[in-house]
Number of protein chains: 2
Amino acid sequence: MTKTVQKRTLATRARLVEAASNVIAENGYEALRVEEVVKRAGVAKGTFFAHFADKDALMDRLIGEGINRCLDELEQCKAPADVEELVATLMPLLEFMTCERYVFDVILRYSGAAAIERIGDIAMTFERHGQVVSAWLADGPFRRDVSTQLLAEGIQAFSVQAMALKFCALHASESMESRLLTYLRAWLIV
Amino acid sequence: MTKTVQKRTLATRARLVEAASNVIAENGYEALRVEEVVKRAGVAKGTFFAHFADKDALMDRLIGEGINRCLDELEQCKAPADVEELVATLMPLLEFMTCERYVFDVILRYSGAAAIERIGDIAMTFERHGQVVSAWLADGPFRRDVSTQLLAEGIQAFSVQAMALKFCALHASESMESRLLTYLRAWLIV
DNA sequence: TAAATAAATTGACCGCGGTCAATTTATATG
DNA sequence: CATATAAATTGACCGCGGTCAATTTATTTA
């Protein structure tokens, strides 16, 4: 049970992540190609897959990072005083999650842990999100007949719905924010 | 503005769909390969893409068919008398939608219309689902302070959440049905 | 320090979805 | 019926994610 982590390993992985971040900064998430990443990192293609199970695993990590940055902001906020404030506070996170259709697709695919053994970064952010929101609900003008945990899960469900409809041709007219507002008024109000 | 639809076209498309259905019946949705489908249909690969924009378009159609079969059943049912009955009635549909992880992923991706111009089969089934459920809610012991339309959207949101958690390692313990029951009791009860 | 062992890296190769210029087949026109 | 025109079909080819036996580099052992 020896853990032999060479620092070369860390260095290579860091170079891969760095290169990937640059590609994304320049062209967005969807345009990322593994071949471009390894070229910039100066390693062979096989090396990439020695560090990440597949391309999605890299995305899980990078998008997870982005979500966590949003959650860092959320944690700074004081508990919203009403539904309007709650929705407004959540918006930056939802905007990031829907910055690209591809990003939203990856999030949906990984919001539940993808594999049995490995629980991905994105799945962990959903847990964290639930806890942050749950804490807010404890001292606000919201219904109390069910647990804050359940209310928080509902907020996630409605958030996903509102985000999904952003990409839906059938419902493009209403904004994500106003839609979520409608949902959460019906869900949270006593 | 002449529409010249050769019957050869229809025949070829039917052969492709037939072949695809057979492959799926034998090996499931995820295992479907376009090359296998065209081989069985006796046409070249390019022909497939003259009939379907991409592989997903075929999946949208075939999975959409499956959902519509479930909805046909649902329409036969009389309006559920309470939440328990409602959930029980919905289960066959949810079971089909989660018969494979791949199937659920495709459904999520296409539940909103994928492209602006073309509204896919799966997206249409969500509309249909909303209408069927909405009609049920009009005469049942459910809350009436918001529209049945909104309630139906919430049922969809919670259904998606319950299905997603079925594939989630973090929440594998509770069944899809009991989870949905918890959600909908909190959502629908007056 | 040299030999043995384990870990990291390499790049040719594969599978499979998707493209397109060229060809075949059907339909409209004189 | 012959010719022009449009539609359908073909298959070689490409892009890109992912694999793996062979090789290089680091660590352990004698």
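Residue numbering restarts at 1 for every chain, and letters A, B, ... go by the order of the sequence lines. Note: hydrogens, waters and symmetry copies are ignored here, and every other heavy atom, side chains too, is used.
- Ranked by how close their nearest DNA chain C nucleotide is to the 5' end, Lys7(B) and Phe49(B) are led by Phe49(B).
- For Leu16(B) and dT9(D), the CG to P distance is 9 Å, given to the nearest whole Å.
- Here Leu32(A) lies in heavy-atom contact (under 4.0 Å) with sugar-phosphate atoms only.
- Using modelled atom types, one side-chain atom of Arg144(B) and one backbone atom of Ala138(B) make a donor-acceptor pair closer than 3.5 Å.
- In terms of modelled atom types and a separation under 3.5 Å, the side chain of Glu100(A) and the main chain of Gly28(A) share no donor-acceptor contact.
- In this structure, Arg15(B) atom CZ and dT9(D) atom P are separated by 9 Å, rounded to whole Å.
- Regarding Phe52(A), its CZ atom lies at a distance of 14 Å from the P atom of dA8(C), rounded to whole Å.
- The interatomic distance linking Lys45(B) (NZ) with dC13(D) (C1') rounds to 10 Å, in whole Å.
- Rounded to an integer number of Å, the gap from Asp54(A) CG to dG18(D) C1' is 9 Å.
- Atom P of nucleotide dG17(C) and atom CG of Leu58(B) are separated by 11 Å, given to the nearest angstrom.
- Taking the side chain of Ala44(B) as heavy atoms from C-beta on, and the options dC16(C), dT9(C), dG11(D), the nearest nucleotide is dG11(D).
- Nearer the 5' end of DNA chain D, as judged by each residue's closest nucleotide, is the contact made by His51(B), out of Asp56(A) and His51(B).
- The shortest distance between the side-chain N/O atoms of Thr12(A) and the OP1/OP2 oxygens of dT9(C) is below 4.0 Å.
- Rounded to an integer number of Å, the gap from Glu35(A) CD to dC16(D) C1' is 6 Å.
- Relative to the side chain of Val34(B), the nucleotides dG18(D), dG17(C), dT10(C) differ in distance, and dG17(C) lies closest.
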TODO: Apply salt bridge (charged side-chain N to carboxylate O under 4.0 Å, His left out) to Glu75(A) and Arg128(A), showing your working.
DONE: CA-CA 10 Å; Glu75(A) 271 183 342; Arg128(A) 191 181 164 202; 3.1 Å; yes
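- Closest to the Thr9(B) side chain, of the nucleotides dT9(D), dC16(D), dA8(D), is dA8(D).
- The base of dG18(C) lies outside donor-acceptor range of the side chain of Lys55(B), with no N or O pair under 3.5 Å.
- Mapping Arg8(B) and Val43(A) onto DNA chain C by nearest heavy atom places Val43(A) closer to the 5' end of the strand.
- Sequence neighbours left out, the pairs with a member in residues 10-63 of chain A that pass ring pair (Phe, Tyr, Trp, His ring centres under 6.0 Å) are Phe48(A)-Phe52(A).
- Of all heavy-atom pairs spanning Met176(B) and Ala162(B), the tightest one is CG-O, 3.8 Å.
- Distance, Met59(B) CE to dG18(C) C1': 15 Å, rounded to whole Å.
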